[in-house]
Amino acid sequence: MNLRVRLKNPVFWMQLLLGISATMLTYASLTASDMTSWGAVWDVVRQAISNPYCLFLIASNIWSALNDPTTSGLTDSDRVRQYDKPLEK
């Protein structure tokens with residue numbers, strides 16, 4: 001897996017951020033507009049990391065961001081493994 005290139009891709013980071021934050025907010029039955037202070041944010045994070053089911057859902061989101069569904073198994077294609085940065089079109 002060409003993790004070095006994925007870490008350079010802003011889409012990868014947004015996918016992780018949105019997947020993890022949406023999971024935590026849904027678990028707490030909240031929306032982004034409910035996050036009006038840093039204390040509220042940390043309360044949600046604390047609740048999420050203390051719940052094994054929520055951690056499983058977060059791990060599933062990370063797995064989805066890392067896994068390339070266009071290849072078999074957990075590896076990237078030979079072509080992708082040769083990239084030094086995300087492919088530009």
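The shown structure was predicted, so the numbers you read here are calculated from the model rather than taken from an experiment. Heavy atoms only: backbone and side chains are in, while hydrogens, waters and symmetry mates are out.
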List the atom pairs, with distances to 0.1 Å, where a side-chain N or O of residues 47-56 and a protein N or O form a donor-acceptor pair under 3.5 Å, not counting sequence neighbours.
from, atom 1, to, atom 2, distance (Å)
Ser50, OG, Arg46, O, 3.2
Ser50, OG, Gln47, O, 2.9
Asn51, OD1, Tyr53, N, 2.8
Asn51, OD1, Cys54, N, 3.0
Asn51, ND2, Tyr27, OH, 3.0

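- In the hydrophobic cluster analysis, where Ile, Leu, Val, Met, Phe, Trp and Tyr join through side-chain heavy atoms closer than 4.5 angstrom, Ile62 is grouped together with Leu25.
- Put simply, Leu57 and Val44 are part of two different groups of oily side chains (I, L, V, M, F, W, Y) that touch within less than 4.5 Å, one to the next.
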Would you mind writing out the side-chain donor-acceptor pairs for residues 11-22 within the sub-3.5 Å range, not counting sequence neighbours?
from, atom 1, to, atom 2, distance (Å)
Trp13, NE1, Leu7, O, 2.7
Ser21, OG, Leu17, O, 2.8
Ser21, OG, Leu18, O, 3.4

